[in-house]
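Notes for the one structure printed next.
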Amino acid sequence: MNDALRSLLDLLALERIEQDIFRGESRASVVPRVFGGQVAAQALVAAGRTVPADRSPSSRLRSSRGDPIPHSLHAYFLRPGDPGAPIVYTVDRIRDGRSFTTRRVVAVQHGQPVFHLSASFQAPEEGLEHQEPMPPAPDPLELPTAAEMLPRHAERFLAPGVAERLLEARAAIDLRYVDEPPYVTVGEPRDPRSQVWFRTQGKLDDDGEIPRPLLDICLVTYVSDMTLLDSVLLAHGRGGWAVGDVVGASLDHAMWFHRPLRADEWLLYDQESPTAQGGRGLGKGRIFTADGQLAVSVIQEGVIRVPRD
């Protein structure tokens with residue numbers, strides 16, 4: 001485990017300041033606001049710490065301590081977060097039913113809500129099962145790392161030092177593009193599809209402060225906001241904010257957790273964009289384990305605007 005991953009785990013280990021109120025630190029990202037994946041992951045940690053231990057979508061997903069994990073989340077990004085200030089997460093215990101438990105989390109900074117999340121947890125249950133097949137993808141170890149890819153294309157970015165800042169922001173995650181990322185093929189519209197392999201930079205402890213498998217789910221939530229709108233950019237030959245040919249931000253985010261996963265093992269994030277219009281773009285994603293299990297489904301809409309001259 002490298003220092004960046006340890007720092008990320010510390011970021012997710014929220015301080016409990018009241019029964020259902022938690023405080024999380026933040027840190028600077030490559031843009032002057034809190035990274036959306038960070039606030040989503042922290043809010044999910046807060047929700048999970050208020051849920052009874054028997055809420056899990058499958059007994060296979062439960063740790064030896066019976067710790068809860070969600071089966072879905074739905075979230076809205078309301079305001080840009082201030083990376084220089086802590087975030088307070090207030091959890092509302094909406095419902096504790098016989099099968100499902102629902103939590104609502106509001107993240108507040110400077111007296112204003114910046115993020116809202118609803119998450120649902122389920123008691124173990126057997127049922128019908130099927131899934132889409134995993135799409136073909138090359139071995140992740142055959143693909144270039146971010147440390148190999150980003151410096152090679154640093155001249156494409158809007159300002160000096162952007163490549164280094166991107167590397168620092170993603171240093172906790174080994175993320176590898178299957179095909180060339182949007183910033184490499186600026187001006188060349190492509191099929192609105194993208195794939196990345198990812199895993200944490202090192203193995204995770206089974207007895208850390210955040211119990212597994214909740215930790216794995218929260219880390220995947222963190223990563224899910226990194227590349228999902230790439231497919232929107234590809235459809236129009238745009239390179240992204242780092243290139244300077246679009247500006248944007250995440251608007252909302254939804255995830256469904258289907259099957260067991262481990263964030264420190266390779267996961268394939270298969271992404272596509274079915275539509276863009278009105279200054280907004282929609283991204284859809286599926287996350288598969290290396291052995292072909294569909295573990296997570298993701299949908300996100302974001303603001304994507306072409307800057308005015």
Side-chain angles (χ1 to χ4, degrees), residues 1-9 11-12 29-30 35-42 44 69 73 134-150 153 163 165-184 193-205 210 212-231 233-234 240 242 250 253 255-273 283-300:
M1 183 185 300
N2 66 11
D3 290 341
L5 180 55
R6 288 192 183 91
S7 176
L8 175 57
L9 297 181
L11 206 64
L12 297 181
S29 64
V30 288
F35 170 53
Q38 174 203 307
V39 69
Q42 287 179 325
L44 195 55
I69 65 170
L73 69 82
M134 181 179 180
D139 187 325
L141 296 179
E142 298 175 356
L143 302 172
T145 66
E148 295 167 338
M149 174 74 74
L150 283 165
H153 302 283
R165 287 159 54 200
L166 281 167
L167 280 174
E168 182 180 359
R170 297 183 177 182
I173 306 298
D174 186 352
L175 188 147
R176 308 188 186 195
Y177 279 87
V178 170
D179 296 308
E180 291 179 323
Y183 59 79
V184 175
R193 297 178 182 274
S194 177
Q195 288 182 329
V196 297
W197 284 99
F198 71 90
R199 64 180 178 183
T200 57
Q201 291 279 18
K203 288 295 183 181
L204 300 170
D205 296 331
I210 302 173
R212 303 182 75 171
L214 179 61
L215 175 61
D216 297 278
I217 294 294
C218 291
L219 286 168
V220 167
T221 299
Y222 176 84
V223 177
S224 68
D225 189 39
M226 286 184 175
T227 62
L228 187 52
L229 297 181
D230 281 0
S231 51
L233 304 177
L234 293 173
S250 303
H253 198 81
M255 302 180 73
W256 295 264
F257 307 102
H258 311 303
R259 293 175 178 84
L261 58 80
R262 295 181 69 92
D264 55 4
E265 297 178 357
W266 284 115
L267 298 167
L268 177 68
Y269 198 2
D270 184 70
Q271 302 151 96
E272 64 176 323
S273 174
K284 297 168 58 180
R286 302 174 299 167
I287 298 177
F288 293 86
T289 61
D291 62 357
Q293 295 293 304
L294 177 58
V296 187
S297 297
V298 192
I299 296 181
Q300 181 183 94

Measuring only between side-chain heavy atoms, which start at C-beta, is L268 closer than 4.5 Å to I287? no
Kindly indicate whether the side chain of T227, heavy atoms from C-beta on, has any atom under 4.5 Å from the side chain of D230. yes
What residue among L228, V223, L229 forms side-chain contact (heavy atoms from CB on, under 4.5 Å) with M226? V223
Output all residues satisfying side chain to side chain donor-acceptor pair (under 3.5 Å) with Q201, sequence neighbours left out; order by chain, then residue number. none
Can you sort out the partners of D179 under salt bridge (Lys or Arg N to Asp or Glu O under 4.0 Å), two or more places apart, ordered by chain and number? none
Partners meeting ring-ring contact (aromatic ring centres under 6.0 Å, His included) with Y183 (sequence neighbours left out): F157
Given side chain to side chain contact (heavy atoms under 4.5 Å, CB included), test V296 with M255 step by step and report yes or no. CA-CA 7 Å; V296 187; M255 302 180 73; 3.7 Å; yes
Under the ring-ring contact (aromatic ring centres under 6.0 Å, His included) rule, collect the residues that match up with W197, sequence neighbours excluded. none
Residue list, side chain to side chain donor-acceptor pair (under 3.5 Å) with T200, at least two apart or on another chain: none
Quick one: does Q42's side chain have a donor or acceptor within less than 3.5 Å of a partner on L11's backbone? yes
By salt bridge (Lys or Arg N to Asp or Glu O under 4.0 Å) - contacts of R6 (at least two apart): D3
Test of understanding: with salt bridge (Lys or Arg N to Asp or Glu O under 4.0 Å), list the residues that count as partners of R262, not counting sequence neighbours. D206, D264, E265
Could you tell me if the side chain of S273 sits less than 4.5 Å from the side chain of K284, heavy atoms only? no
Measure from the side-chain N and O atoms of N2 to the backbone N and O of A171, and report whether any donor-acceptor pair falls under 3.5 Å. yes
For D174, all residues meeting side chain to side chain donor-acceptor pair (under 3.5 Å), sequence neighbours excluded: R176
Compare every heavy atom of L143 with every heavy atom of P138, then report the nearest pair and how far apart it is. CG-CD2, 3.9 Å
Output yes when a side-chain donor or acceptor of D216 lies under 3.5 Å from a complementary backbone atom of A263, and no otherwise. yes
Compare all side-chain heavy atoms of H253 with those of S224 and state whether any distance is below 4.5 angstrom. yes
I299 side, atom CD1; R286 side, atom CZ - distance, nearest 0.5 Å: 12.0 Å
Among all residues two or more places apart in sequence or in another chain, which pass the ring-ring contact (aromatic ring centres under 6.0 Å, His included) test with F288? none
Backbone N or O of F35 within a donor-acceptor pair of the Q38 side chain at under 3.5 Å? no
Do the non-hydrogen side-chain atoms of Y222 and L8 ever get within less than 4.5 Å of each other? yes
Among all residues two or more places apart in sequence or in another chain, which pass the side chain to side chain contact (heavy atoms under 4.5 Å, CB included) test with L215? L9, L12, L204, I210, R212, L219
Does the pair D139 and W266 meet the rule for a side chain to side chain contact (heavy atoms under 4.5 Å, CB included), with working shown? CA-CA 10 Å; D139 187 325; W266 284 115; 5.8 Å; no
Got Y269 and V298 here, is their nearest side-chain heavy-atom distance under 4.5 Å? yes
With sequence neighbours left out, the residues meeting side chain to side chain contact (heavy atoms under 4.5 Å, CB included) with A295 are L261, T289
Shortest non-hydrogen separation from T145 to E148 and the atoms involved: N-OE1, 2.9 Å
Please answer whether the main-chain N or O of R193 pairs with a side-chain N or O of E272 as donor and acceptor at a distance below 3.5 Å. no
Less than 4.5 Å apart, any side-chain heavy atom of E168 and any of L166? no
Sorted by chain and number, sequence neighbours left out, salt bridge (Lys or Arg N to Asp or Glu O under 4.0 Å) with D225 holds for none
With side chains defined as the heavy atoms from C-beta onward, is the minimum distance between L294 and M134 less than 4.5 Å? no
